[in-house]
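Some notes on the structure that comes next.
By convention in this document, chain letters (A, B, ...) are assigned in the order of the sequence lines, proteins followed by strands, and residues within each chain are numbered from 1. Keep in mind it's a predicted model, so treat the numbers as computed, not measured.
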Amino acid sequence: MKFRTVKGTRDFYPTDMAIRNWIVDTWKRVSLNHGFEEYDSPIFEYLDLFKAKSGEAIVSELFHFTDRGDRELAIRPEMTPSLARMINARAQSLPLPIKWFSVPRLCRAERPQRGRLREFFQWNIDIVGIDDAVTDAECIFVAVDFFRQIGLTPADIVMKINSRALLAALLSARGFAENRHADIFVVLDKRDKLSQDDFIKSVEKITQSGSRRGKEKTTLIEIGQAHGKTGLESLAGMAEGNKSAERELTRLRNVFDILNTLGVADYCEFDMGIVRGLAYYTGVVFEAFGKAGLKRAICGGGRYDQLLEVLGGPPMSGTGFGTSDVVILDLLIELNHVPTEATISKQNDFYVIDADANLFNEVLSLVAKLRKAGFAAEFSYRRQAIGKQIKQAAANNTRWAVIVGNEYTERGVLSVKDLDTGEQVEIPIRTFLDNPHAPMGK
RNA sequence: GUGAGUGUAGCUCAGUCGGUUAGAGCACAAGGUUGUGGUCCUUGGGGUCGGGGGAUCGAAUCCCCUCACUCACCCCA
């Protein structure tokens with residue numbers, strides 16, 4: 001084959017498209033159920049928009065080009081800058097809070113690997129304008145609800161939750177200067193990727209030399225390894241007496257309380273190892289992980305306080321998350337949870353069959369009437385034996401076969417056959433057309 | 001950008017020590033005689049063995065180069 005899809009891109013044949021639509025439709029349905037409104041933006045933007053958020057280094061990781069008007073443009077690699085641009089443009093008039101979602105097609109010039117391609121669809125949820133634990137919890141709730149909707153249980157997936165604000169407060173309380181926090185974040189974020197020994201080595205690298213070293217190391221390991229209920233309690237002792245740490249701990253506990261009330265606590269777990277590499281996160285952060293096999297983060301998000309401001313808007317706190325169709329699909333394949341074709345691909349209501357080629361005009365006429373009435377009706381392009389036509393009907397995922405035989409012209413009746421049960425009834429044409437679903441009692 | 005692995009039919013793969021015309025299952029198509037599908041039976045189409053070069057009487061098989069894909073690292077906006 002001379003032509004193929006470009007590296008990291010996919011064709012969507014009807015069977016693939018059915019699965020993609022199933023994922024995207026579920027994203028949309030869940031979003032709407034939770035009170036979010038859909039938005040979208042252009043697929044390309046000024047390159048400067050992405051530079052403003054992520055710096056010059058981002059350029060090599062996105063597809064960019066110069067148009068005929070010498071504009072430096074880039075295909076969007078993420079949705080957040082466009083969202084910020086849209087909100088900033090109407091910051092004075094949009095009612096708060098903003099609860100928006102989108103399912104953009106994105107491109108990143110990365111090297112493809114498991115769970116990551118160069119072109120993909122991403123589900124984005126954001127709540128902007130309110131800085132409160134209830135919105136942190138609501139975002140997590142939405143993500144977990146999606147996992148529930150596609151059939152994943154707490155045995156399949158875990159949502160790990162942390163607070164960068166708590167982490168920062170604890171570090172400050174223990175004497176780590178703020179200019180060291182970023183380095184510490186990086187080490188903690190990699191905790192689960194490293195062996196215990198390598199983690200300790202990494203911690204040692206970022207401790208100060210001299211008398212404080214041992215104490216710093218102990219503290220960082222204690223903080224960094226804290227997870228689960230006991231982990232959260234162990235931090236309580238550490239936060240005691242420090243107002244800012246106590247406040248952030250209360251906030252995080254509040255998030256867990258709300259998640260419990262919302263009924264999704266069994267999916268959620270505190271983990272100090274979730275920090276997220278993105279520099280702009282400031283508060284509660286979270287990532288979902290598959291429990292078996294695919295250890296990659298399935299979805300991730302958190303609270304950002306300065307993002308809109310950085311992109312020229314007013315200071316506004318927001319929280320949100322994103323996940324991609326690629327990683328979701330990989331997870332589902334691994335768990336053998338991909339829905340069967342029959343349940344998600346297109347289904348015909350009727351397949352109209354002639355028992356004799358002379359009756360073909362009646363078939364066409366019937367199909368036209370059924371389609372006009374809003375039913376999905378199909379017929380064979382080839383005049384052949386009834387058995388062959390029924391076979392085609394079944395292959396086309398049809399619910400009812402409508403058989404037009406000599407009795408159609410002689411007695412004014414036709415037969416409707418339920419292709420799932422094999423049950424078949426004969427009814428007058430007029431009765432059928434009055435209510436095509438009636439003969440089978442559905 | 002760095003490292004490793006894999007390339008045989010649309011898909012999953014077999015192919016012995018280098019030996020004649022490269023195979024299976026699934027999928028696809030046709031048929032199984034004139035009014036009933038899923039099973040079954042028969043038949044068929046489909047291959048530059050990723051590509052190029054080399055050693056050999058002879059290469060899917062051995063050597064070199066190259067390309068593509070996969071996985072991991074980096075990065076994850």
Each nucleotide of nucleotides 26-32 of chain B classed B (base within 4.0 Å of a protein heavy atom), S (only sugar-phosphate) or -, in 5' to 3' order, makes ----S--
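As rounded to the nearest Å, B:C28 and B:A22 have P atoms that lie 27 Å from one another. Distance check on atom C1': B:C17 versus B:A9 gives 27 Å, rounded to whole Å. With both ends at atom C1', the span from B:C57 to B:A14 equals 28 Å, rounded to whole Å. Comparing the same atom, P, in B:C26 and in B:G38 gives a spacing of 16 Å after rounding to whole Å. The same atom, C1', is picked in B:G53 and in B:A59; the two are 14 Å apart, to the nearest Å.
Straight-line distance from the NZ atom of A:K190 to the P atom of B:C74: 5 Å, rounded to whole Å. One interatomic measurement links the two molecules: CD of A:E334 to P of B:C71, which rounds to 12 Å at whole-angstrom precision.
Close placement of the A:F432 and A:F350 rings is indicated, their centers lying within 6.0 Å of each other. Between A:F176 and A:H181, the distance separating the two ring centers is not shorter than 6.0 angstrom. Taking the ring centroids of A:F379 and A:Y381, they lie under the 6.0 Å cut-off.
For A:E407, the listed nucleotide lying nearest its side chain is B:G35; candidates were B:U36, B:C75, B:G35.
Taking every heavy atom of both residues into account, A:N88 and A:P314 meet most closely at OD1-CD, 3.7 Å.
Side-chain atoms of A:Q392 and A:R382 include no donor-acceptor pair closer than 3.5 Å.
The 5' end of RNA chain B is approached more closely, in terms of each residue's nearest nucleotide, by A:L419 than by the other of A:L419 and A:Y280.
The partner of B:G58, taking Watson-Crick or G-U wobble pairs whose two distances both stay under 3.5 Å, does not exist in any strand shown. Both distances falling under 3.5 Å, in either a Watson-Crick or a G-U wobble arrangement, place B:G5 opposite B:C69. Figure legend. B:A24 is base-paired to B:U12; pairs are counted as Watson-Crick or G-U wobble with both atom distances under 3.5 Å. Pairing for B:G37 is absent, with no Watson-Crick or G-U wobble pair whose two atom distances lie under 3.5 Å. Using N1 to N3 plus N6-O4 or O6-N4 for Watson-Crick, or N1-O2 and O6-N3 for G-U wobble, each under 3.5 Å, B:G45 pairs with nothing.
Between the side chain of A:Q424 and the base of B:U36, a donor-acceptor pair under 3.5 Å is found.
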Report, one pair per line, the protein and nucleotides 5-11 of chain B atoms (nitrogen or oxygen only) whose separation is under 3.5 Å.
none

Between the protein and nucleotides 68-70 of chain B, are there any N/O to N/O pairs under 3.5 Å, and if so, what are the atom names and distances?
| unit_1 | atom_1 | unit_2 | atom_2 | d |
| --- | --- | --- | --- | --- |
| B:A68 | O2' | A:R4 | NH1 | 2.8 |
| B:C69 | OP2 | A:K7 | NZ | 2.9 |

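Using a 4.0 Å heavy-atom cutoff across all strands shown, A:Q389 reaches no nucleic acid atom at all. Within 4.0 Å (heavy atoms only), A:I403 reaches at least one base atom of the nucleic acid.
Taking CZ of A:F321 as the reference point, atom CH2 of A:W123 lies at 4.0 Å (rounded to 0.5 Å).
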